[in-house]
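Worksheet: the structure to be examined is printed underneath.
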Protein chains: 2
Amino acid sequence: MPEQPLTSRGAATYQRILDAATEEFAQHGIAGARVERIVTAARTNKAQLYAYFGDKERLFDAIFLSSLERITNVVPIDADDLADWAVRLYDEYLRRPDLIRLATWTRLERRPAGHLVETHQHYDDRKLTAIAEAQAAGRIRGGDPFDIMALVIAMSMAWSPVSNVYAASSQEPDDVHSRRRDLLRECVRRATVPTDQDQPDR
Amino acid sequence: MPEQPLTSRGAATYQRILDAATEEFAQHGIAGARVERIVTAARTNKAQLYAYFGDKERLFDAIFLSSLERITNVVPIDADDLADWAVRLYDEYLRRPDLIRLATWTRLERRPAGHLVETHQHYDDRKLTAIAEAQAAGRIRGGDPFDIMALVIAMSMAWSPVSNVYAASSQEPDDVHSRRRDLLRECVRRATVPTDQDQPDR
DNA sequence: TCCTACAAACAGACTGTTCGGTCTGTTGCA
DNA sequence: TGCAACAGACCGAACAGTCTGTTTGTAGGA
């Protein structure tokens with residue numbers, strides 16, 4: 001039975017728990033996260049954590065959903081320039097490696113197949129509509145909008161913190177990043193530009 | 001102090017442990033895997049597991065390295081047809097979702113940045129040489145061979161069991177898979193085909 | 001072909017520790 | 001002065017890893 005904090009001091013603690021939990025879960029996953037470490041980092045105690053969030057699983061739910069919101073809002077799609085969108089995603093992964101790690105922990109620990117979240121429509125709808133419109137206007141290639149979205153996101157993650165090849169980090173020199181950005185931009189552009197078969201709206 | 005099994009019965013047990021551990025680690029990761037479940041699935045006991053592999057971490061090392069070998073050998077690169085290589089990777093993820101999951105657990109639990117394995121050269125060298133040769137012959141676009149490899153692999157993983165968007169599975173109908181294969185093949189081809197600036201060996 | 005001896009493989013009880021979650025009492029703000 | 005927030009001791013379950021005793025396959029001798 002989670003309860004909301006009732007005072008402003010409580011609200012501040014609530015937020016510190018969220019922040020600390022985001023970092024802890026991003027680093028260690030659900031099974032690996034330690035409640036003890038979270039309350040220490042949040043400068044609070046277990047009683048508060050359990051009063052506000054119920055248990056470890058529901059605490060994860062709370063931080064995961066707000067992380068999803070963030071990544072969707074901070075990097076909105078531009079269906080007329082998917083290449084630029086991919087590059088902005090590349091930069092966001094550098095800025096907040098924890099968010100993409102959280103998503104991947106969810107995939108591995110909770111949802112081995114299918115959509116990552118039950119409410120995927122809530123997150124995908126705007127992107128899919130945008131892609132479909134750009135297709136109708138002949139500005140990007142045909143094909144299932146969902147598949148195109150998945151592919152462009154996958155390309156943006158080539159050097160992400162969950163890459164199976166190489167995980168980039170903000171410590172690397174700038175020119176390495178711009179080299180990757182250039183390649184990414186150019187390849188997404190070429191992959192998504194309309195083909196001969198793609199007729200503008202007839 | 002791990003010891004090799006000395007009899008053929010022991011060798012069979014050793015192999016059953018490897019198989020059971022591969023599945024257990026792929027499903028639950030290092031922190032989430034249970035030694036008890038592994039020995040039960042392998043129809044053996046803890047004493048054997050610890051005698052052969054030392055501890056949980058070294059057991060993971062053992063199964064992870066053999067999984068890496070498998071994925072490298074079963075789907076060899078064809079630098080002259082990266083699009084087809086990507087499609088073969090797509091199919092391999094469907095066939096053995098556990099291998100790609102193991103790689104991702106390693107990324108999350110062990111290697112948050114940089115290369116996934118210390119001995120990455122051992123696994124990458126052939127691919128990088130193949131790409132460099134294809135570039136020199138003007139059959140694929142220019143750019144850092146390593147980055148191109150990372151990007152093509154990322155594209156092949158758009159619907160993999162570790163996708164942050166949608167994880168495909170072999171249960172889905174064939175036509176869904178062929179639609180994805182077609183899009184993947186076409187987009188990789190377009191992304192990697194030589195540009196105007198790419199001159200064949202002069 | 002049987003018997004015996006031995007070492008490897010086996011089974012699972014046991015131990016010490018770690019961890020999620022609860023409970024009891026204390027502090028501090030309004 | 002009363003209640004929310006706090007601190008951390010405490011509890012029981014779960015777990016990695018060890019230990020003790022049992023079974024099984026095999027090699028060698030008669």
Side-chain angles (χ1 to χ4, degrees), chain A residues 1-64 102 105-106 108-110, chain B residues 1-64 102 105-106 108-110:
Chain A
M1 351 264 91
E3 298 158 23
Q4 294 292 93
L6 297 178
T7 69
S8 67
R9 187 164 58 129
T13 301
Y14 186 93
Q15 189 56 52
R16 285 201 311 280
I17 294 175
L18 280 179
D19 293 342
T22 302
E23 192 174 332
E24 176 73 12
F25 280 122
Q27 226 171 99
H28 304 283
I30 305 175
R34 293 292 162 255
V35 173
E36 190 62 49
R37 280 199 295 255
I38 295 176
V39 298
T40 304
R43 299 192 313 280
T44 182
N45 57 85
K46 291 188 176 186
Q48 252 46 47
L49 186 149
Y50 283 97
Y52 294 152
F53 296 99
D55 61 18
K56 200 184 177 186
E57 293 280 327
R58 274 180 287 179
L59 174 58
F60 182 82
D61 292 340
I63 63 117
F64 177 58
L102 281 174
W105 286 116
T106 301
L108 289 177
E109 300 194 88
R110 288 194 162 174
Chain B
M1 354 267 91
E3 299 158 24
Q4 293 292 96
L6 297 177
T7 68
S8 66
R9 185 166 59 129
T13 301
Y14 185 93
Q15 189 56 51
R16 284 201 312 279
I17 294 176
L18 280 179
D19 293 342
T22 302
E23 190 173 334
E24 176 74 12
F25 280 121
Q27 225 171 101
H28 304 283
I30 305 174
R34 294 293 163 254
V35 173
E36 189 62 48
R37 280 199 295 254
I38 294 175
V39 299
T40 304
R43 299 194 311 283
T44 181
N45 57 85
K46 290 189 176 187
Q48 251 47 47
L49 186 150
Y50 283 97
Y52 294 153
F53 296 99
D55 62 19
K56 201 183 175 187
E57 293 281 327
R58 274 179 288 179
L59 175 57
F60 182 82
D61 292 340
I63 62 117
F64 177 58
L102 282 174
W105 285 116
T106 302
L108 289 176
E109 299 194 270
R110 289 194 161 173

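Being a predicted model, the structure only gives us computed values, none of them experimental. The figures here come from the full heavy-atom set of this structure, side chains too, leaving out hydrogens, waters and symmetry mates. Proteins come first, then strands; the chains are lettered A, B, ... in the order of their sequence lines, and each starts at number 1.
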Please write out the pairs of protein N or O atoms and N or O atoms of nucleotides 11-16 of chain C separated by less than 3.5 Å, giving the distance to one decimal.
residue, atom, partner, partner atom, Å
C:dA11, N7, B:Asn45, OD1, 3.4

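- Of all heavy-atom pairs spanning A:Ile17 and A:Leu49, the tightest one is CD1-CA, 3.9 Å.
- Contact annotation: B:Tyr50 does not reach the phosphate of D:dC19 (side-chain N/O to OP1 or OP2, under 4.0 Å).
- Rounding to whole angstrom units, CZ of residue B:Phe60 and C1' of D:dA16 are separated by 17 Å.
- Counting heavy atoms from C-beta outward, B:Leu59 and B:Tyr52 have side chains that stay 4.5 Å or more apart.
- For A:Trp105 (side chain) and A:Ala26 (main-chain N/O), a donor-acceptor pair under 3.5 Å exists by modelled atom type.
- Axis angle, first five pairs versus last five pairs of the helix from C:dT1-D:dA30 to C:dA30-D:dT1: 10°, rounded to 10°.
- No side-chain donor-acceptor contact under 3.5 Å links A:Asp19 to the backbone of A:Thr22.
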Can you check side-chain contact (heavy atoms from CB on, under 4.5 Å) on A:Leu102 and A:Phe60, steps first, answer last?
CA-CA 9 Å; A:Leu102 281 174; A:Phe60 182 82; 3.9 Å; yes

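- The distance between atom CG of B:Leu59 and atom P of D:dG17, rounded to the nearest whole Å, is 10 Å.
- Between B:Arg58 and B:Asp55 there is a salt bridge, with a side-chain nitrogen of the basic residue lying less than 4.0 Å from a carboxylate oxygen of the acidic one.
- With hydrogens and angles ignored, the 3.5 Å screen pairs no side-chain donor or acceptor of B:Glu24 with any backbone N or O of B:Val35.
- Between the side chain of B:Lys46 and the backbone N or O of B:Val39 there is no donor-acceptor pair closer than 3.5 Å.
- Residues A:Arg34 and A:His28 have side chains not in contact (no heavy-atom distance under 4.5 Å, counting atoms from C-beta outward).
- The stretch residues 11-39 of chain B comes close to DNA chain D through B:Ala33, B:Arg34, B:Val35, each having a heavy atom under 4.0 Å from the strand.
- Rounding to whole angstrom units, CD of residue B:Glu57 and C1' of D:dA16 are separated by 12 Å.
- Ion pairing of A:Glu23 with A:Arg37 is absent here, as no side-chain N (NZ or NE/NH1/NH2) approaches a carboxylate O to less than 4.0 Å.
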